[in-house]
Amino acid sequence: MANFPVINMEKLNGEERAATMASINDACENWGFFELINHSIPHEFMDKVERLAKEHYKKCMEQRFKELVASKALEGVEAEINDMDWESTFHVRHLPHSNLSEIPDLEDEYRKVIKEFALKLEKLAEELLDLLCENLGLEKGYLKKAFYGSKGPTFGTKVSNYPPCPQPDLIKGLRAHTDAGGIILLFQDDKVSGLQLLKDGQWIDVPPMRHSIVINLGDQLEVITNGKYKSVLHRVIAQTDGNRMSIASFYNPGSDAVIYPAPKMVEKETEEKNVYPKFVFEDYMKLYAGLKFQAKEPRFELMKTMEANVKLDPIATA
């Protein structure tokens, strides 16, 4: 955990910029995860997000979760459970069209704060995509454009709580998976741990740090970078005490965006037999829905069989 990549974004503005960019590149190549500090989202605002999220869970979701546990007799399970997760969640869509007004049980202040937080995270996601472009030798704006489709990117938030679990060895908070989309920005509990990533065959804790934003890369960035950057398996271990808050925002391609390796990322001699497929993002998501908790490589292979039907438009960033 001591080596976990932590990126201080303030250092991008001074003489340590080159070293900081190198650290981001190393994190993308070798971890698929990194943690941001000094990311310009005010700490007082993050404290407000956390307070409202925890109050909402207590008031509106805790009892429902207890009833679900009781209805499925999960308290006294004796064998490992592989078909569900020990989590209480709700989802909000921000882009291309928000459904925030349709989410039940949210107080006006919480609704307003979710909207404001999403705008800050959207801006941060686009800033990060341009930093990745710089590291990859792609022109500025390439990744945002690659995600754009005809209506712009999709962007949504999953608000989760991982309540105390009596049998954390038998049921995961969230089973191991890679994320299907683009770039993920996570505001996680700084007191209750549980998030782990797989690195070199070992499960490593993503350290809880106050006011940090954890970044991880999804399958689409692996495809666009032709495997230079990879999405990484991660999971949440349930804890016997403490309720872990997790607010994960997903900046993903538009549903009709055509995803394929950036030409600059394809070695000349392998152009004929490119490793990664071309596909429409929505088609990938349909496949992912049923295979989320399985290895990503068969998903990529299945998408290759559909490649002949995909029409490519060049990505113009000017």
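Values below: every heavy atom of this structure, side chains too, minus hydrogens, waters and symmetry copies.
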Pair [X]-[Y], side-chain donor/acceptor within less than 3.5 Å:
{"X": "E55", "Y": "Y110", "value": "no"}
{"X": "N252", "Y": "T154", "value": "no"}
{"X": "S231", "Y": "K296", "value": "yes"}
{"X": "E87", "Y": "Y162", "value": "yes"}
{"X": "R244", "Y": "Q188", "value": "yes"}
{"X": "D47", "Y": "H211", "value": "yes"}
{"X": "Y288", "Y": "D219", "value": "no"}
{"X": "D179", "Y": "H177", "value": "yes"}
{"X": "T157", "Y": "H94", "value": "yes"}

Salt bridge check, [Y] against [X]: does any charged N sit closer than 4.0 Å to a carboxylate O?
{"X": "E107", "Y": "K59", "result": "yes"}
{"X": "D85", "Y": "R175", "result": "yes"}
{"X": "E127", "Y": "K123", "result": "no"}
{"X": "D105", "Y": "R64", "result": "yes"}
{"X": "E67", "Y": "K72", "result": "no"}

| When you measure from the centre of the six-membered ring of W86, is the NZ or CZ of K172 under 6.0 Å away and within 45° of the axis? | no
Does NZ or CZ of K158 fall inside the cone over F250's six-membered ring, less than 6.0 Å from its centre and within 45° of the axis?
-> no
To the nearest 0.5 Å, atom OG1 of T225 lies from atom OH of Y276 at 7.0 Å
Start with the C-alpha gap between E29 and K230, add the side-chain angles, then the distance that decides, and say whether salt bridge (charged side-chain N to carboxylate O under 4.0 Å, His left out) holds. CA-CA 7 Å; E29 283 192 1; K230 288 191 167 58; over 6 Å; no
So does Q202 have more than 12 non-hydrogen atoms from other groups sitting under 6.0 Å from CD?
no
